[in-house]
Asks: 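Here it is, the structure, as structure tokens.
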Amino acid sequence: MKAISIGYHDVVEAITPSDDPLRRCPAHYTLDRPSFQTHLDAILTQAPKAVVSSIGKPRQWVDQVPIFLTFDDGAIGSYTCVAEELESRGWRGHFFVTTDWINKPDFMSPAQIRELHHRGHVIGSHTHSHPARMSNLSWDDLIREWSVSCQILSDILGEPMRVASVADGYYSRKVGQSAAAAGIQVLFNSEPVKSISTVDGCMILGRYSIKAGTPTSTTGAIASGALWPSLQQTGLWEAKKAMKALAGDSYLTVRKYILSTRQL
Ligand SMILES: [Zn+2]
């Protein structure tokens, strides 16, 4: 089974510099609304037969490769910009919420999360505290991150939480196993692959990450299943993984340095 999952973060009306430490790094992943509209238009024009669906509607996508659009962190733009843009095209998204950030400035409130759910979007966990490197956490800490976050979202939505995404892309088999043990049935990581695997009964889906400078043609090509951006992203990802393995703790410092000196 395959799926093409495209991972966004925040979308805002207009980009403004932020001093908020929670928003500074994700700024590299933040799109303004006009840019986001061109990304969605590129999906429509370059992949006209694509089925943009949601994991909550399996009947729509079980016979073909679906496109899932995901949005990490639970920032306010999910509510003020993204949902409206998706709905105007008849689409629904997946919104992954870092529960410790709920109600903080620029992040969604419980009422806004509940409303997105009622409008047909999928709400999922993005851990409780957004740890910098999930794959290094102990088993108990992983279980705590998933179960605290899922409990908070279950209380908000009034139903069990079964969908989640990995924070900061640090996926390992143990991360998948801990999600399964916490009752999560569908887990999105950030490996740029289309194939869906399972770990202890939990479905694991990769994602293609979209940054602020990603050309819309790349998004369209990914949606259409064209090979080159997939290979390009996979190549970059493998290089990053090798760098992580070599650099250990210093990888985060190196990455922050690269991000701070480059316009992405
Ligand atoms: Zn995140």
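Counting starts at 1 for both ligands and their atoms, in listed order.
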Asks: Could you list the residues that satisfy side chain to side chain contact (heavy atoms under 4.5 Å, CB included) with S147, not counting sequence neighbours?
Replies: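 Counting only residues at least two positions away or on another chain, S147 forms a side chain to side chain contact (heavy atoms under 4.5 Å, CB included) with I143.
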Asks: The Zn ion (ligand 1): which protein N, O or S atoms are under 2.8 Å away?
Replies: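 Counting only protein N, O or S atoms under 2.8 Å from the Zn ion (ligand 1), the list reads D73 OD1, H126 NE2, H130 NE2.
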Asks: Are H121 and H117, when compared by the centres of their aromatic rings, separated by less than 6.0 Å?
Replies: no
Asks: Can you tell me which residue pairs pass the ring-ring contact (aromatic ring centres under 6.0 Å, His included) test with a partner in residues 181-206, sequence neighbours excluded?
Replies: H94-F188, F96-F188
Asks: What do you reckon, are the aromatic ring centroids of H39 and Y8 less than 6.0 Å apart?
Replies: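 Ring-ring flag for H39/Y8: true, centres closer than 6.0 Å.
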Asks: Just jot down the side chain to side chain donor-acceptor pair (under 3.5 Å) partners of E84, sequence neighbours excluded, or say none.
Replies: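 E84 satisfies side chain to side chain donor-acceptor pair (under 3.5 Å) with R33 only.
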Asks: Working to the nearest 0.5 angstrom, can you tell me the gap between S165 OG and D72 CG?
Replies: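 The OG atom of S165 sits 3.5 Å away from the CG atom of D72.
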